Protein chains: 2
Amino acid sequence: MSRGKLNVREPLLRRLPRYYRYLNELKNMEVKRTSSLELGERMGITSSQVRQDFNCFGGLGQQGIGYEVNALLGRIRKILGLNSRYKVIIAGVGNIGHSLASYSEAASEGFDILALFDVNPRLIGCSVNGIMIYDIDDMKEFIREKGVEIGIICVPKDRAQATADIMIEAGIKGIWNFADVDLYGPAEVVIENACLNDSLYTLTCRMNILQCF
Amino acid sequence: MSRGKLNVREPLLRRLPRYYRYLNELKNMEVKRTSSLELGERMGITSSQVRQDFNCFGGLGQQGIGYEVNALLGRIRKILGLNSRYKVIIAGVGNIGHSLASYSEAASEGFDILALFDVNPRLIGCSVNGIMIYDIDDMKEFIREKGVEIGIICVPKDRAQATADIMIEAGIKGIWNFADVDLYGPAEVVIENACLNDSLYTLTCRMNILQCF
DNA sequence: GTGCAATTGTTAAAACTTTAACATTTGAAT
DNA sequence: ATTCAAATGTTAAAGTTTTAACAATTGCAC
């Protein structure tokens, strides 16, 4: 039964992974059932918001009772797309690329990092965490052949858009970008800019404002 | 002349680092002057929003002319708190902690990473990128003595809040958290949760929704 | 089995954010 | 000198998001 395009707006989209985390926490505490009030209090949001949010997906709870942790978790897991496995590659084996490749929990969460790519001839042929590093010139073909879905961009910012363009041409579905620029692509390719500097500057900005600008 | 607390709301706060980036780009292209229209087009927002945003800081442009790139950049730099230097430490020398310590651009941007801390006896005494790793039990005293302002949390999630609490007790001003949990503290301590998983799940969620849920 | 407390789904109001509109200012062309 | 085009600052409208309110539903106590 195929329904229309889900209307998940930006603020809700940012809350969804948090719901997922807090529900996992409850699950680990072996809590079977929760309420919009409890969940909201834990997360620092109103119960109204929790109910409103869950209603976007069409009533995940039961009136008078609350929400079943497991069922809700499963539902949100699915909405987040975490029921599928993803074929992933990383472009750029600098600090951050290396670090993401070493993050071995990734696979257990459904993200299979198939290969790393770099321009540096000294790196090509080596491996990180058991994952081979290939010449970035071979990336396009690799994506096509293996049907890679997610590309992680960890190249220097002046190479980032070009790298993204290659991924897009090769038919990638999503790009997770760690370079210090915004990347652009066609609407059917999802791009998430995870610019770490922006996050840090947000911190200093708030520190600065607190000291009564 | 001390003014009242600047009213920078969340959406603007998230745009500020982007303005900073795009203005730096213009500066590097040796563009001397820009307009809300040009800047907005580059950033994919309306000129109205650009003007509205800058007006929060009291008119950074000149009517009929536009905005001087250098002056505007300097002003935003200051608002972001990037005119100060910051004493920084990193707790947890795993993948991400290691990677952030190796990011040598940090120092040139005003962030001096003074020390790393970990529980692992094998790591204590080693150094990364010239920065020593100390026993995490010594962290509190270190923060107090050196007047550390920013703490970066890269410890496992089940240790994250405890680590934050120690930092807060020691008088830290801001916490940049990479652990997979939200951290909480008193209002006067700024906490920025840079949960990478959340960002990734946002990506998969959008990929999932595009495929007509 | 009735009433009560708990809790959702849903509707309405309030708050916030973005966009549009326009008066005002500036510099350049004639 | 006047006019015009290009811009900002600012006010108002539109749109979005959050919060509040409440009817409907459930389970439990009596």
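A note on names: the letters A, B, ... follow the listed sequences, proteins ahead of strands, and every chain is numbered from 1. What you see is a predicted model, and the numbers here were worked out from it, not measured in a lab.
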Which protein N or O atoms sit under 3.5 Å from an N or O of nucleotides 23-26 of chain C?
residue : atom : partner : partner atom : Å
C:dT25  : O4'  : B:Gln63 : OE1          : 2.7
C:dT26  : O4'  : B:Gln63 : O            : 3.4

Would you tabulate the nitrogen or oxygen pairs shorter than 3.5 Å linking the protein to nucleotides 2-5 of chain C?
none

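Residues passing the side chain to side chain donor-acceptor pair (under 3.5 Å) test with B:Asp180 are B:Asn197, sequence neighbours excluded. Scanning for side chain to side chain contact (heavy atoms under 4.5 Å, CB included) contacts around B:Ala115 gives B:Ile89, B:Phe117, B:Tyr134, B:Phe142, with sequence neighbours left out. Partners of A:Tyr20 according to the ring pair (Phe, Tyr, Trp, His ring centres under 6.0 Å) rule, which considers only residues two or more places apart in sequence or in another chain, are B:Tyr201. Applying the side chain to side chain donor-acceptor pair (under 3.5 Å) rule to A:Glu141 yields no partners; only residues at least two apart in sequence or on another chain are considered. In this structure B:Glu10 satisfies the side chain to side chain donor-acceptor pair (under 3.5 Å) test together with B:Arg14, sequence neighbours excluded. Every residue two or more places apart in sequence or in another chain that forms a side chain to side chain contact (heavy atoms under 4.5 Å, CB included) with A:Val119 is listed here: A:Ile136. Remark: B:Glu25 pairs with A:Val181, B:Tyr22, B:Arg42 by the side chain to side chain contact (heavy atoms under 4.5 Å, CB included) rule, at least two apart or across chains. Under the side chain to side chain donor-acceptor pair (under 3.5 Å) criterion, A:Lys87 pairs with no residue, sequence neighbours left out.
Contacts between chain A and DNA chain D, taken as any atom within less than 4.0 angstrom of a protein heavy atom, begin and end at D:dT17 to D:dG27.
Looking at B:Leu23 and B:Leu39, their side chains come closer than 4.5 Å, going by heavy atoms from C-beta outward. With contacts defined as side-chain heavy-atom distances shorter than 4.5 Å, the pair A:Leu72/A:Phe57 does not qualify.
Side-chain atoms of A:Asp118 come within 3.5 Å of backbone N or O of A:Val93 as a donor-acceptor pair.
The CG atom of B:Asp53 sits 10 Å away from the P atom of C:dT19 (whole-angstrom rounding). The CZ-P distance, from A:Phe54 to C:dT10, rounds to 15 Å in whole Å.
Among the protein residues, B:Tyr67 comes within range of the sugar-phosphate backbone only, with heavy atoms under 4.0 Å from sugar or phosphate atoms but none that close to a base.
Residues of residues 23-52 of chain B that place a heavy atom closer than 4.0 Å to DNA chain D, in numerical order, are B:Ser35, B:Ser36, B:Arg51, B:Gln52.
Residue order along DNA chain C, read from the 5' end via each residue's closest nucleotide, puts A:Leu60 first among B:Arg9 and A:Leu60.
The minimum heavy-atom distance between A:Ala91 and A:Thr163, with the atom names listed, is CB-CG2, 3.7 Å.
Heavy-atom neighbours of B:Arg159 CZ from other residues, nucleotides or ligands within 6.0 Å: at or below the threshold of 12.
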